[in-house]
Amino acid sequence: MTKLRAIRGMNDILPEETPYWQSLEGTVRDLLHSYGYGEIRLPIVEYTELFKRSIGEVTDIVEKEMYTFADRNDESLTLRPEGTAGCVRAVIQQGLLSTPQRLWYSGPMFRYERPQKGRQRQFHQVGVEAFGIASPDIDAELILLSARLWRLLGISDAVTLELNSIGSPAARAAYRAALVEYLEARREQLDEDSQRRLDSNPLRILDSKNADTQALLDDAPSLANYLDEESQADFARLCALLDAAGQSYRVNPRLVRGLDYYNKTVFEWVTDRLGAQGTVCAGGRYDGLVEQLGGKATPGIGFAMGLERLVLLLSETGAAVPLAQDADLYVVSVGAAAELEAVARTEALRDILPERRIVLNAGGGSFKSQMKKADKSGARLALIWGEDEVSQGTCAVKSLRGEGGQQSVAVQDLPEYLRAALV
RNA sequence: GUGGCCGUAGCUCAUCAGGUAGAGCACCGGAUUGUGACUCCGGAGGUGGCGGGUUCGAGACCCGUCGGCCACCCCA
């Protein structure tokens with residue numbers, strides 16, 4: 001079979017699927033534009049150090065999922081596993097933080113994981129970030145913006161919003177200690193993975209999928225009780241804003257996120273229609289990150305959505321109607337002289353009908369086989385040039401859909417004729 | 001990294017007590033001299049993922065390996 005193949009988890013996206021992508025990307029782009037967000041384009045490769053310092057040294061992403069390699073000058077580079085780190089680096093480096101910034105970006109991310117439904121090693125995200133705004137009104141804006149996107153895409157019914165506050169770093173540290181104390185005493189009752197996490201990342205035990213572990217957590221200390229006053233107030237305000245906007249949500253006190261830089265507001269849009277990969281969009285506040293990466297202290301908040309997962313959702317819910325890929329016209333010619341005529345006339349037609357999808361037969365073939373290709377192209381009309389047409393200065397226009405038949409049209413009348421016929 | 005299921009024509013799949021492989025779709029050609037779709041006829045296309053083993057003989061059984069899917073872990 002094929003010796004040469006794509007790397008595991010790095011998939012080709014074929015012409016059959018790209019209409020979904022184009023439709024999704026177009027909707028996202030227009031929506032972000034309308035909310036006043038500006039697009040920023042970022043490198044796919046950054047110094048490894050950037051990700052270690054932002055995502056966190058002991059996270060799974062940094063420990064075992066990054067594509068890291070040495071550059072020719074022996075500097076350690078990494079294919080970005082997520083977008084926020086690079087975006088923060090860019091706004092610091094480019095001096096964009098003197099005023100609040102609303103930014104977005106789109107592109108591939110890379111994580112060395114075992115592929116499964118809704119997860120691949122090269123995947124695509126759209127990230128949205130807001131810098132320099134500490135108040136929860138911006139939190140609400142981002143959430144309402146994403147909610148509007150689901151409406152535009154027709155998938156509102158398939159997703160729900162989960163919300164939580166994980167407080168300040170200090171509050172979280174205090175809570176972590178309490179949680180560890182509680183769970184340490186019950187270590188034997190935890191599932192194997194959670195026992196391991198007790199040492200590495202105890203907060204993540206909260207969203208364990210193990211039922212027994214979840215039951216054990218019912219009597220555990222609650223993160224909400226450890227929140228600092230500001231986090232409590234901001235979270236209450238965010239909820240009030242969402243209520244006022246009519247945005248429903250579920251407060252999930254066990255929602256924590258995997259990246260170290262989050263604080264205060266965290267949220268996820270989840271679905272039950274994508275198998276095990278329920279999260280379609282997720283984010284939160286990262287007020288300390290800019291300073292941590294060497295910029296002046298600047299609050300930040302953002303989220304990322306997984307494009308593969310959204311495309312899956314779009315196709316599985318049948319919500320999106322991809323653009324038709326059918327041609328409008330297919331141009332057929334028989335004989336060398338007719339081909340000259342066909343090529344020249346078709347180019348002239350493209351000048352006049354630039355919005356039409358015109359496919360010129362290439363590769364020769366019998367008249368019959370050209371007509372078969374014309375039919376397969378989905379074109380509504382075939383333009384036919386043969387000896388007779390060339391000598392008479394006409395073109396045979398044949399309808400390929402429904403009734404219609406064939407008409408002989410003088411070449412000078414073609415543009416007008418086609419304009420009317422293709423309405 | 002771990003587990004389950006799976007790997008036969010481009011695609012979807014079948015066959016069989018183990019006796020060197022078929023269908024549908026797609027593709028190519030023909031059925032009027034320059035006319036598609038529908039129908040009919042014909043054709044091309046597979047070292048049965050790869051490598052070992054058992055056997056007189058393996059796509060079918062066994063082992064290994066590679067790959068795919070799904071799940072765990074983690075995450076978008």
Side-chain angles (χ1 to χ4, degrees), chain A residues 1-3 5-9 11 14 16 55 58-66 80-84 106-128 146 159 191-194 196-197 200-201 204-205 207-210 256-259 267-271 274-283 302-313 330 332-335 338 361 365-390 396-402 404-406 408:
Chain A
M1 282 283 209
T2 337
K3 283 273 165 67
R5 54 173 139 251
I7 295 164
R8 179 201 296 256
N11 302 142
L14 305 179
E16 176 177 83
I55 297 167
V58 298
T59 57
D60 276 27
I61 290 181
V62 169
E63 278 184 342
K64 55 186 195 190
E65 294 178 3
M66 294 206 302
R80 63 184 183 190
E82 59 102 46
T84 300
S106 172
M109 308 291 167
F110 303 85
R111 285 168 16 190
Y112 189 89
E113 301 178 274
R114 286 292 281 269
Q116 66 185 78
K117 188 180 178 75
R119 162 187 294 160
Q120 35 281 126
R121 289 182 173 181
Q122 175 175 330
F123 61 105
H124 299 78
Q125 289 186 332
V126 167
V128 183
S146 53
V159 294
D191 62 274
E192 198 177 324
D193 286 322
S194 291
R196 181 173 46 74
R197 278 180 291 205
S200 60
N201 199 346
R204 296 220 51 100
I205 296 173
D207 56 14
S208 166
K209 288 181 184 175
N210 184 286
V256 293
R257 315 247 39 257
L259 285 56
F267 65 94
E268 283 189 6
W269 287 95
V270 298
T271 180
L274 255 38
Q277 256 54 55
T279 305
V280 119
C281 171
F303 68 81
M305 46 193 154
L307 263 29
E308 278 80 2
R309 291 181 186 180
L310 285 172
V311 167
L312 269 178
L313 205 48
Y330 193 96
V332 162
S333 65
V334 184
N361 186 75
S366 67
F367 190 20
K368 190 186 190 71
S369 75
Q370 290 192 46
M371 286 305 291
K372 281 189 179 179
K373 287 178 188 144
D375 183 57
K376 276 191 54 189
S377 77
R380 292 155 68 186
L381 300 174
L383 305 189
I384 301 165
W385 271 283
E387 280 179 37
D388 296 348
E389 285 75 16
V390 172
V397 181
K398 173 162 184 171
S399 170
L400 297 173
R401 305 286 162 247
Q406 186 166 321
S408 180

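Note on naming: letters A, B, ... go to the chains in the order of the sequence lines (proteins, then strands), and numbering restarts at 1 for each one. Treat the numbers as computed from the prediction; the structure is a model and nothing was measured.
Taking the ring centre of A:F110 as origin, the terminal cationic atom of A:R121 falls outside the region bounded by 6.0 Å and 45° from the ring axis.
OP1 or OP2 of B:C74 sits under 4.0 Å from a side-chain N or O of A:R197. For A:R257 and B:A76, the shortest distance from a side-chain N or O to OP1 or OP2 is below 4.0 Å. Contact annotation: A:K368 side-chain N/O to B:G36 OP1/OP2 distance is under 4.0 Å. OP1 or OP2 of B:C72 has at least one side-chain nitrogen or oxygen of A:Q116 nearer than 4.0 Å. For the pair A:K209 and B:C72, the criterion of a side-chain N or O lying under 4.0 Å from OP1 or OP2 is met. Here A:R114 does not reach the OP1 or OP2 of B:C70: none of its side-chain N or O atoms lies under 4.0 Å away.
Separating the CE atom of A:M371 from the P atom of B:G29 is a distance of 15 Å, rounded to the nearest angstrom. Atom NZ in A:K373 sits about 15 Å away from atom C1' in B:A26, given to the nearest Å. Distance A:E16 CD to B:A26 P: 15 Å, rounded to the nearest Å. As a whole-Å value, the separation of A:D375 CG from B:G36 C1' is 5 Å. Following rounding to the nearest Å, A:K117 (NZ) and B:C74 (P) show an atom-to-atom distance of 22 Å. Regarding A:K372, its NZ atom lies at a distance of 12 Å from the C1' atom of B:U35, rounded to whole Å. Atom C1' of nucleotide B:G1 and atom CZ of A:R8 are separated by 12 Å, given to the nearest angstrom. For the pair A:K64 NZ and B:U2 P, the interatomic distance rounds to 12 Å; values are reported in whole Å.
Few gaps surround CD on A:E63; more than 12 heavy atoms of other groups in view lie less than 6.0 Å from it. Counting heavy-atom neighbours within 6.0 Å of A:I7 CD1, excluding the residue itself, gives a total of 12 or less.
Base pairing of B:A23 is made with B:U12, judged by Watson-Crick or G-U wobble geometry with both donor-acceptor distances under 3.5 Å. Base pairing analysis places B:U39 opposite B:A31; the two distances defining the Watson-Crick or G-U wobble pair are each below 3.5 Å. The partner of B:G46, taking Watson-Crick or G-U wobble pairs whose two distances both stay under 3.5 Å, does not exist in any strand shown. Pairing for B:C72 goes to B:G1, judged as Watson-Crick or G-U wobble with the two contacts each under 3.5 Å. If you check B:G67 for Watson-Crick or wobble pairing at under 3.5 angstrom, you find it paired to B:C6.
Contact check on A:D193 versus A:R196 returns a salt bridge, with a Lys/Arg side-chain nitrogen under 4.0 Å from an Asp/Glu carboxylate oxygen.
Within 4.0 Å (heavy atoms only), A:I384 reaches at least one base atom of the nucleic acid. Across all strands, A:A276 comes closer than 4.0 Å only to sugar-phosphate atoms, never to a base (heavy-atom distances). When heavy atoms are screened at a 4.0 angstrom cut-off, A:K398 is found touching base atoms of the nucleic acid. A:E308 comes within 4.0 angstrom of nothing in the nucleic acid, heavy atoms only. Residue contacts for A:R121: at a heavy-atom cut-off of 4.0 Å it reaches no nucleic acid atom on any strand shown. Residue-level contact check: A:Q277 touches the bases, meaning some heavy atom is under 4.0 Å from a base atom. Contact annotation for A:G283: no contact, since no heavy-atom pair falls under 4.0 Å across all strands. Using a 4.0 Å heavy-atom criterion, one finds that A:E63 contacts no nucleic acid atom at all. When heavy atoms are screened at a 4.0 angstrom cut-off, A:V334 is found touching no nucleic acid atom at all.
Atom P of B:G4 sits at a distance of 48 Å from the matching atom of B:C40, rounded to the whole Å. Nucleotides B:G24 and B:A9, compared at atom C1', are 12 Å apart to the nearest Å. The gap from the P atom of B:A60 to that of B:U55 amounts to 16 Å, rounded to the nearest Å. Nucleotides B:C50 and B:G7 place their P atoms 14 Å apart, quoted to the nearest Å. Across the C1' atoms, B:C61 and B:G46 are found 22 Å apart, a figure rounded to whole Å. Rounded to whole Å, the C1' atom of B:U15 lies 10 Å from the corresponding atom of B:A23. The gap from the P atom of B:G22 to that of B:G59 amounts to 14 Å, rounded to the nearest Å. With both ends at atom P, the span from B:C38 to B:A76 equals 48 Å, rounded to whole Å.
A:L307 has its side chain out of reach of A:F123: every pair of non-hydrogen atoms, C-beta onward, lies at least 4.5 Å apart. Side-chain contact check for A:E82 versus A:R111: some heavy-atom pair is nearer than 4.5 Å.
Side chain A:E389 to base B:G34: a donor-acceptor pair is found below 3.5 Å. A donor-acceptor contact under 3.5 Å is not formed by the side chain of A:Q370 with the base of B:U35.
The minimum heavy-atom distance linking A:A396 with A:Q406 is given by the pair CB-NE2, 3.4 Å. The minimum heavy-atom distance linking A:K117 with A:L312 is given by the pair CG-CD1, 4.3 Å.
Both A:R111 and A:D388 lie near RNA chain B, and the one whose nearest nucleotide falls closer to the 5' end is A:D388. If A:C281 and A:S369 are placed on RNA chain B by their nearest nucleotide, the residue sitting closer to the 5' end is A:S369.
The A:A304 side chain lies nearest to B:A76 when the options are B:C74, B:G34, B:A76. Nearest nucleotide to the side chain of A:I61, out of B:C75, B:G67, B:U35: B:C75.
If you check the side chains of A:Q116 and A:Q277, you find a donor sitting under 3.5 Å from an acceptor.
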